[in-house]
Amino acid sequence: MAVHGRPEEWPARSLLGMLPLPARRELLGRGAEVRFDAGDVLLREGWDDRHVLLLLSGVVKVTATVENGQTSLLAVRAAGDIVGEMAAMDGAPRSATVTACGPLTARRISADTLRELLLSRPEIFVALTGIIANRLRSANRRRLDFRGYPARVRLARLLVELADCYGTDRADGVEIGCSLTQPELATMVGAAETTIHKVLSELRKDVLLKTGYRTTTILDLPRLTGLAELSSGPP
C-alpha cells in the first residue's frame, strides 16, 4: 500500500514512484516550484498552455465539462503524479481542468524540458507512457463497468482503486488520501447521487467503510475487494 511520507517515498503507481532514483532526482531538479491553495485552478480546460505539473504534495481533482454543461469528475491525482502531460505531448488544448483540493506544491516543467527528458532518460519515457496507457485502460474499464455492474459494485471498485493508489495504512484500516463528495463519487461511477448515498450507508452499516470530515477509511479491504467482484487487488 502506498504511503506518503519522506521525499523519496511516493505512491508506487505514480510517475515518481515508478522511476529509479537517478531519473527521479533529475526530474525533480527541473522546472520551478509553485504553490497552490485550495480551490486554485492549476490547469484549465480549453487553454493552450503546454507545461506539465509534477505534484509534490496534496491532491487535485480532474474535471471536464460534458455536453449538457455540467461538470464531471474524471479522476483524482496526488503527490508523485503528473498532470497536463497530454497537451505537452500532442500540442492540443487542455482536455480537462485540474483544481487543488487543498494546499499543494508542484514543479512546473515546460513542454520542451519534458521532451528533452523523455529523449535523454528512457526510464522517464517508459514510465510516462505506461501511466498514460494505464489511465486510458482505467477510463475504458470504468465505461464497461457502467454497463456490466450495479452501482454498489462500481462504487466498491472505485474505492478499492483509490485505496491502492492513494491509501495509507491506519490502525483501523486503509484511509483514502483524497476527499470526494457524494456528487463527485456519483459522477465517477455513473450513478445518481441518491443511489450513492444509499450504498455508502449500506457499506457503513456492514462495517466496510467509515467516513468523517474529509476522510474515508476502508475498514475491511479484503471484504470490499470481494464485493467489488475482484479476485485480489485493484481492477
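The residues of the chain are indexed from 1 along the displayed sequence.
Scanning both residues, Ala88 and Arg115, for their nearest heavy atoms gives O-NH1, 3.1 Å. Heavy atoms only, all atoms of each residue included: Leu128 and Leu15 are closest at N-CD1, 4.0 Å. Residues Gly17 and Arg24 come closest through the heavy atom pair O-NH2, 4.3 Å. Taking both residues in full, the closest heavy atoms of Asp220 and Val207 are given as CB-O, 4.4 Å, listed atom of the first, atom of the second, then distance. When all heavy atoms of Leu42 and Thr99 are compared, the closest pair comes out as CD1-C, 4.1 Å. Listed here is the closest heavy atom pair of Ser14 and Ile131: C-CD1, 4.0 Å.
Contact of the Ile132 side chain with the Leu136 side chain is not registered, since no non-hydrogen atoms from C-beta on lie closer than 4.5 Å. Between Ile109 and Leu27, the closest side-chain pair of non-hydrogen atoms falls below 4.5 Å. In this structure, the side chains of Arg44 and Arg94 stay at 4.5 Å or more apart for every pair of heavy atoms. Side-chain atoms of Met89 and Leu118, non-hydrogen and from C-beta on, do get closer than 4.5 Å to each other. A 4.5 Å side-chain heavy-atom check between Leu209 and Leu219 finds every atom pair outside the cut-off. With contacts defined as side-chain heavy-atom distances shorter than 4.5 Å, the pair Val76/Val62 does not qualify. Between Thr63 and Val98, the closest side-chain pair of non-hydrogen atoms is not below 4.5 Å. Inter-residue side-chain proximity for Pro22 and Arg121 is flagged as met; some heavy-atom pair is nearer than 4.5 Å.
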**Message:** Please determine whether side chain to side chain contact (heavy atoms under 4.5 Å, CB included) holds for the pair Thr168 and Val174, giving the CA-CA distance in whole Å, both sets of side-chain angles, and the decisive distance to 0.1 Å.
**Reply:** CA-CA 5 Å; Thr168 301; Val174 180; over 6 Å; no

**Asked** Could you walk me through whether Arg135 and Glu85 pass the salt bridge (charged side-chain N to carboxylate O under 4.0 Å, His left out) check?
**Response** CA-CA 12 Å; Arg135 290 176 180 177; Glu85 73 284 348; 2.8 Å; yes

**Item:** Derivation and outcome, side chain to side chain contact (heavy atoms under 4.5 Å, CB included), residues Lys210 and Arg204
**Value:** CA-CA 6 Å; Lys210 179 175 70 174; Arg204 286 191 292 264; over 6 Å; no

**Request:** Step by step, work out the side chain to side chain contact (heavy atoms under 4.5 Å, CB included) result for Leu227 and Val160.
**Result:** CA-CA 10 Å; Leu227 175 61; Val160 170; over 6 Å; no

**Asked** Going through the checks in order, is the side chain to side chain contact (heavy atoms under 4.5 Å, CB included) test met by Leu43 and Val52?
**Response** CA-CA 9 Å; Leu43 305 171; Val52 299; over 6 Å; no

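Within the 3.5 Å criterion, the main-chain N or O of Ile176 finds no donor-acceptor partner in the side chain of Thr216. Counting only distance, with no hydrogens or angles, the side chain of Arg223 and the backbone of Asp206 share a donor-acceptor pair below 3.5 Å. Side chain of Arg77 to backbone of Val59: no donor-acceptor contact under 3.5 angstrom is found. Distance alone, capped at 3.5 Å, is enough to place a donor-acceptor pair between the Glu45 side chain and the Thr65 backbone.
A distance of 9.0 Å separates CG in Leu53 from CG in Leu104, rounded to the nearest 0.5 Å. Interatomic distance, CD of Glu161 versus CE of Met188, reported as 7.0 Å (0.5 Å rounding). Note: Leu114 CG to Ile82 CD1 = 5.5 Å, rounded to the nearest 0.5 Å. Within the model, atoms CD1 of Ile196 and OG1 of Thr187 stand 9.0 Å from one another, a figure rounded to the nearest 0.5 Å. Residue Leu56 holds its CG atom at 7.0 Å from CZ of Arg107, rounded to the nearest 0.5 Å. A distance of 8.0 Å separates CG of Asn134 from CE of Met18, quoted to the nearest 0.5 Å.
Remark: Arg30 engages Glu26 in a salt bridge, criterion side-chain N to carboxylate O under 4.0 Å.
Residues Val83 and Met86 do not share a hydrophobic cluster, defined by chaining ILVMFWY side chains whose heavy atoms lie under 4.5 Å apart.
Counting non-hydrogen atoms of other residues, nucleotides and ligands closer than 6.0 Å to CZ of Arg35 gives a total of 12 or fewer. Other residues, nucleotides and ligands contribute only 12 or fewer heavy atoms inside 6.0 Å of the CZ atom of Arg108.
Counting only N and O atoms by type, the side chains of Glu116 and Thr113 include no donor and acceptor under 3.5 Å apart. If you check the side chains of Arg50 and Ser110, you find no donor sitting under 3.5 Å from an acceptor.
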